[in-house]
Amino acid sequence: MDAFALLSRGGTQFDKRRFNKEVNLFSGHKKHAETVASTSHTTDEFPEELDFFKYAESGVLGTKGEGAANGKSRAADSERTVGVERQSQGSGWEGSAKRGTKRKRSLEPERTITSARRVRCTGESVPTPIHSFVSLQDRYGLAPELRKNIAEKGYLTPTDVQTQCIPVLLEKRDLAAIAPTGSGKTLAYLLPVFCLLGAPGRSGASEKQAGARALIVSPTRELAMQIHNEALKLAKGRKWKVVVLNKATGNALRDKAARKKVDLLITTPLSLVSALDEGILNLDNIRHLILDEADRLLEEGFLKQIEAILAACSYPEIQKAVFSATLPAAVEAIANTFLRRPIRVIVGVKDSATDTIHQELLFCGSEIGKLQALRNLVVEGIQPPVLIFVQSIERAQELFHELLYDGLNVDVVHSERTKAQREDAVRRFRKGEVWVLIATELMARGMDFKGVNLVVNYDFPQTVQSYIHRIGRTGRAGRQGKAVTYFTKEDAPYVKSVANVLKASGQDVPQYMLDLPKPSKLKKRELKRHPIERKDIARAAGAGVGRNLANKKRDMICASKRRKTEPAGDKGGKGDSVVRRQVVLTEDE
DNA sequence: AAAAAAC
């Protein structure tokens with residue numbers, strides 16, 4: 001991890017002066033906050049409202065009932081704790097307890113442990129890791145421009161995932177890489193891909209050598225664009241043509257000469273499949289295929305398209321690699337159907353959160369409690385930028401309007417907003433013009449907002465994987481970050497698995513959360529997390545609690561700093577001194 | 001296990 005600390009991430013370094021003081025919108029009025037949310041403050045005591053016994057099936061959960069009672073009195077029974085950890089292993093999640101008991105992997109041919117045992121590597125003839133970017137020049141003939149561009153980005157030493165993945169890819173091996181959020185996976189595949197691309201495609205080149213030779217697939221447009229940006233920086237000074245496939249570029253590619261010039265193609269699954277269907281391009285010459293956020297891409301909904309893409313990649317010696325911070329066993333099995341003699345690289349503990357993130361689970365009782373909790377957070381002073389995740393598009397919209405009403409500098413991103421709106425929101429969030437960004441799962445993966453101080457899971461994530469990716473928007477590249485996850489009674493059955501993630505990453509977790517029973521499958525189905533009603537957020541606001549506060553806040557908001565109550569949803573910003581001040585210290589994208 | 005995302 002020390003290497004991380006030394007790492008400076010290019011022009012996008014987090015500058016503390018950017019938000020040098022807490023945005024204490026309502027300082028001096030904390031008493032209001034205290035009166036409205038008594039339920040939200042205590043996290044380590046068993047909330048009376050959280051009567052999970054009703055979820056428990058009598059026979060099966062008898063012993064856990066006891067454990068829960070202990071949790072109530074906060075008596076941490078060590079035997080019980082061990083039992084809880086053992087149970088968690090069945091879910092494909094490797095808890096810290098498992099580290100001590102990893103032995104029965106005799107099927108795996110080799111195991112090399114590198115980088116102070118953080119990197120575990122399995123597979124046939126694993127290439128030796130690299131320990132500096134300089135060594136790539138001798139070993140693999142890395143082009144001087146690439147080397148220079150890496151240095152210019154401020155990358156001094158390869159990160160853990162890079163030390164192992166770069167040589168593996170450079171030796172044209174297939175790869176399954178699992179490494180924490182913000183650990184440098186993008187460069188781990190971009191650098192070798194560029195290195196292997198060889199000379200930039202020229203129109204004069206032979207049929208075999210021209211056209212897209214590498215393909216990167218990403219689950220969202222935003223991530224594809226981000227990868228594109230990184231690729232451009234890395235390829236600076238060379239004439240490689242890097243293209244994000246979309247309607248406009250797709251049309252341009254109808255021209256055969258234009259098609260021949262493309263070297264690296266970055267795309268979301270659907271746009272590629274539709275381009276294939278239209279016969280705009282073929283993938284016959286793709287020699288390197290990278291699936292970023294692979295577990296997401298191999299989920300139902302994407303899988304069919306990925307299969308079509310794999311089928312269209314007909315180059316016999318094609319190299320394939322999958323990358324993610326999480327790769328459940330079942331999904332890895334799917335990946336292994338198309339990877340050939342893959343090398344598997346795991347950094348850290350599989351499916352665990354980045355350890356630079358301070359995590360907290362906050363019981364909020366109800367929908368109303370969640371809104372109160374969020375308002376308290378604002379009242380107590382938040383350090384932007386803050387990213388808030390909700391479960392659905394509707395809820396994103398609703399929370400957006402609630403916070404607009406509160407006068408917060410807020411924007412929202414989800415798939416039903418236009419491409420332009422999405423891009424604008426992301427860009428302004430990166431610049432610091434938007435302090436609070438509300439988002440659906442769309443923003444959960446891959447997005448690299450380096451300065452994000454706080455992630456709020458306003459709605460409880462649906463899977464442990466989702467949790468890990470969402471909170472992974474903060475605490476990147478060795479920086480500190482904070483994540484708060486709200487939960488209500490309805491979320492109780494799902495809390496335990498997330499609590500285990502906290503525990504595995506060394507966070508303090510109230511014992512009662514670990515003792516919460518997992519509901520039986522039957523009960524789970526019954527509970528089925530009734531889709532949170534659309535109007536809940538609005539109702540919570542209308543219920544009186546919070547609304548008064550909201551009014552007060554609105555009146556008080558930075559009265560001295562803020563001239564307009566112009567919300568971030570509009571073009572906004574002009575003449576706003578607060579905004580101006582932040583723009584000066586923007587990130588470089 | 002399930003909503004969101006993907007021209």
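Order of the sequence lines fixes the chain letters, A, B, ..., with proteins taken first and strands second; residue numbering starts at 1 for each chain.
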Enquirer: Is the phosphate of B:dA5 approached by A:Thr440 (side-chain N or O, under 4.0 Å from OP1 or OP2)?
Expert: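 So the side-chain polar atoms of A:Thr440 do come within 4.0 Å of the phosphate oxygens OP1 or OP2 of B:dA5, strictly under.
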Enquirer: Angle class for the A:Phe487/A:Phe363 ring planes (parallel below 30°, perpendicular above 60°, tilted otherwise)?
Expert: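 The arrangement is tilted - the two ring planes meet at 30° to 60°.
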Enquirer: Less than 3.5 Å between a donor and an acceptor, one on the side chain of A:Arg296 and one on the base of B:dA4, is that the case here?
Expert: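 Such a pair exists between side chain and base.
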Enquirer: May I have the distance from A:His414 (atom NE2) to B:dA6 (atom C1'), rounded to whole angstrom?
Expert: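 From A:His414 NE2 to B:dA6 C1': 16 Å.
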Enquirer: Quick one: is A:Arg417 getting a side-chain N or O under 4.0 Å of the B:dA5 phosphate, OP1 or OP2?
Expert: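 Answer no for this pair, as no side-chain N or O of A:Arg417 is under 4.0 Å from OP1 or OP2.
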Enquirer: Could you work out which one of B:dA6, B:dA1, B:dA2 sits closest to the side chain of A:Thr463?
Expert: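 So the nucleotide nearest the side chain must be B:dA1.
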Enquirer: Of the nucleotides B:dC7, B:dA2, B:dA6, which one has an atom closest to the side chain of A:Ser274?
Expert: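 Ranking B:dC7, B:dA2, B:dA6 by closest atom to the A:Ser274 side chain puts B:dC7 first.
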Enquirer: Among B:dC7, B:dA1, B:dA4, find the nucleotide with the atom closest to the side chain of A:Gln462.
Expert: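 The answer is B:dA1, which lies nearest to the side chain.
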Enquirer: Hey, is A:Arg445 close enough to A:Asp295 for a salt bridge, meaning N to O under 4.0 Å?
Expert: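 So A:Arg445 pairs with A:Asp295 through a salt bridge.
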Enquirer: Name all residues meeting the side chain to side chain donor-acceptor pair (under 3.5 Å) criterion together with A:Glu222; count only those two or more places apart in sequence or in a different chain, and write none if there are none.
Expert: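 A:Glu222: side chain to side chain donor-acceptor pair (under 3.5 Å) contacts with A:Arg422.
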Enquirer: From the options B:dA1, B:dA6, B:dA4, select the nucleotide whose nearest atom is closest to the side chain of A:Ser392.
Expert: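 My answer, after comparing the listed nucleotides, is B:dA4.
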Enquirer: Taking atom types as modelled and ignoring hydrogens, do the side chains of A:Glu441 and A:His469 form a donor-acceptor contact shorter than 3.5 angstrom?
Expert: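 Side-chain D/A pair, A:Glu441 to A:His469: absent.
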Enquirer: Looking at every strand, decide which applies to A:Glu278 at a 4.0 Å heavy-atom threshold: base, sugar-phosphate, or nothing.
Expert: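 The answer is nothing, as A:Glu278 stays clear of every strand by at least 4.0 Å.
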Enquirer: Please check the phosphate of B:dC7 (OP1 and OP2 only) for any side-chain N or O of A:Arg221 closer than 4.0 Å.
Expert: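 Answer is yes, contact under 4.0 Å.
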